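In what follows, every chain begins at residue 1, and chains take the letters A, B, ... in the order their sequences are listed. Predicted model only: the values in this text are computed from it and were never measured.
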There are 2 protein chains.
Amino acid sequence: MTTFRDLRGISSFDPDEGEAYKDDPLFMRSVARTVAVMSAFQSARHPLSLSQVATAAGVDRSAAQRIVHSLLKLGMLTRDPEDRGYLPGLRVLDMTHDLLRLNPMLQRANPVMLELRRRVRERVDLSLFDDVRVVYALRMPSKHEIFSATIVGHAVPTYCTAGGIAILSLLPDEKVADIVKRSDLTPFTSHTIRTLDEVMVHVHATRERGHSVLCRQLLNHEVAIGAPIRDSSGAPIGAIHVAGSLQEWTAEGFSDSFGPLVQNAAQTVSEKAPIGIRKGIQE
Amino acid sequence: MTTFRDLRGISSFDPDEGEAYKDDPLFMRSVARTVAVMSAFQSARHPLSLSQVATAAGVDRSAAQRIVHSLLKLGMLTRDPEDRGYLPGLRVLDMTHDLLRLNPMLQRANPVMLELRRRVRERVDLSLFDDVRVVYALRMPSKHEIFSATIVGHAVPTYCTAGGIAILSLLPDEKVADIVKRSDLTPFTSHTIRTLDEVMVHVHATRERGHSVLCRQLLNHEVAIGAPIRDSSGAPIGAIHVAGSLQEWTAEGFSDSFGPLVQNAAQTVSEKAPIGIRKGIQE
DNA sequence: GATGTGTGTATCTCTCAGCGATACATCTAT
DNA sequence: ATAGATGTATCGCTGAGAGATACACACATC
């Protein structure tokens, strides 16, 4: 389907050889290794054997053995019920639940998303900004949803998605350029954005319009619009976006019909700084 | 809303004092501590401060400092954008995605769930068996869904839910008794099952009927039916369940209308042992 | 039946990661 | 001021755990 690529980008870690932490006395090797093992499945297509975990995580077989053994006992990994092989364990879902539950922004977003879905009868998503990529956190599926339902945690590039462009529109130009430069620009469709210039055109349009409008970027018959979610300092931390089919909509029609609603929703979810009492403002 | 309780039950770990692993040379203290910190948010209601993490995880402040610092750099934790405080980080969602993506049973379940939702116009869920509790993994929301959308990872008791009873119906009586004994039996509504005997009545009925039917267990106006998903050895690993409103349905009507569909769906998702070649069968 | 390459599992010794104590610089709140 | 949070930094001693090595058990293939 979508071309496989490592979207973790710069935030990806070379498990331990990262060298970056060599001089950080606070940084614990063992934690990095543990996380490396848990993240080993990122690039997997099937349940992994012990030595596959070892190579994927960049640790030697002995270390993998001990870490996997421990993570198994803690429920962070499981064995595939049928075939042998290791998989992320149920305790991962607990952490997911905690993340969705505790993040104040997502808490606020929930009712807003439900209301938005009620009005817009299309697929509504909320995703979180993570440098070169954007990660789906909430989805309100529409009536006609034919494909996968499991998208929590799905990551797509920032530079060519409605949510991503909406986020970029709040960043200074040089930061946008920086992100695009570090992105994998392999196109998904023949219409996928390929250059920084094209990104900038969309970013500028989004700044004026208030929401982004993108067509045929990840899928050939898809139109999507998005608006950014800000934190209390005004920085973008995510986006709300709506996707529809070009067999039913024109880009303009879609944008005109739902743009204001999406902008309004994103605005509502964004931080409202508690009146006047904020860091340096009271002076 | 739902009474707060620790559903992790027996699988919960006393982070390090567990004593259970004292003699296991393969078990790594550092991994346990790392996981303990990541799981510290389980019992939290808000973003946690460093020392809150420390106490919740059962490690001293120094250890918490180092582990949190490391997990932050790795993206497994984040700081709350507005308020200060720590939260599960975005990388958790990556792991979620991996879990949902890689589990062969969930892969098979996806199209089945979509088809089931198409026929049953009610809320359809798939949850995974985890001892005294059952964890939501997939949800296909229905038209009238008014409450929370973020339920991936939500855990409910095994002994009083449609999915849970369906799972128990495949276990021997003494195992059922064992699970009920270890469960927190605090009722959710005035109709919630309170005794092992009541559980057993439902289990037996489910064994004959092929699916479970439960009313007013977690919510006062809810009816739910469920059917178990088996692994290749026949052991239950999860359940598919459908929930509806008692303002629209009678329990019998609901059961008769959707029971066969749910059973069929669960059957389809269950392991099909590759014809004859299995562990001890070929002899 | 050998042989090879995969799996998971177990044991042992030496050393450096990281434990835990201690100190400090902020804040906010009395 | 005083008191109690918060996050942050330094440091010397020691036992957790690295990493090598070995074994049991699957499957293949010749």
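Between B:Ser30 and C:dA17, a side-chain N or O to OP1/OP2 separation shorter than 4.0 Å is absent.
Side-chain N/O atoms of A:Asp231 and A:Ser233 include a donor and acceptor closer than 3.5 Å. Of the N and O atoms on the side chains of B:His46 and B:Asp80, not one donor lies less than 3.5 Å from an acceptor on the other residue.
Looking at which nucleotide of DNA chain C each of A:Ser51 and A:Val31 is closest to, the 5′-most match is held by A:Ser51.
Minimum interatomic distance between A:Pro88 and B:Leu102 (heavy atoms only, all atoms of both residues): CD-CD1, 4.4 Å. Counting all heavy atoms, side chain and backbone alike, B:Ala109 lies closest to B:Leu126 at CB-CD1, 3.5 Å. Minimum interatomic distance between A:Phe129 and A:Pro236 (heavy atoms only, all atoms of both residues): CD2-O, 3.6 Å.
Using the six-membered ring where Trp is involved, A:His154 and B:His97 have ring planes that are perpendicular, over 60° apart on the 30 and 60° scheme.
Under the side-chain hydrogen bond (donor to acceptor under 3.5 Å, both in side chains) criterion, B:Gln52 pairs with B:Ser49, sequence neighbours left out.
Of the candidate nucleotides C:dG8, C:dG20, D:dT8, C:dG8 has the atom lying nearest to any side-chain atom of A:Ser49. For A:Leu50, counting side-chain heavy atoms from C-beta on, the closest listed nucleotide (C:dT9, D:dG7, D:dG19) is C:dT9. With C:dG18, D:dG7, C:dT9 as the candidates, the nucleotide lying closest to the side chain of A:Arg29 is C:dG18. Considering only the side chain of B:Ala63, C:dC19 comes nearest among C:dC19, C:dT9, C:dT7. In the set D:dG19, D:dA16, D:dT6, D:dG19 carries the atom at the smallest distance from any side-chain atom of A:Arg33.
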Atom pairs, N/O to N/O, protein against nucleotides 10-14 of chain C, distance under 3.5 Å?
residue	atom	partner	partner atom	Å
C:dA10	N7	A:Gln65	OE1	2.7
C:dA10	N6	A:Gln65	NE2	3.1

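A donor-acceptor pair under 3.5 Å is formed between the side chain of A:Ser70 and the backbone N or O of B:Met28.
Relative to the axis of its first five pairs, the axis of the last five pairs of the helix from C:dG8-D:dC23 to C:dT30-D:dA1 sits at 50°, rounded to 10 degrees.
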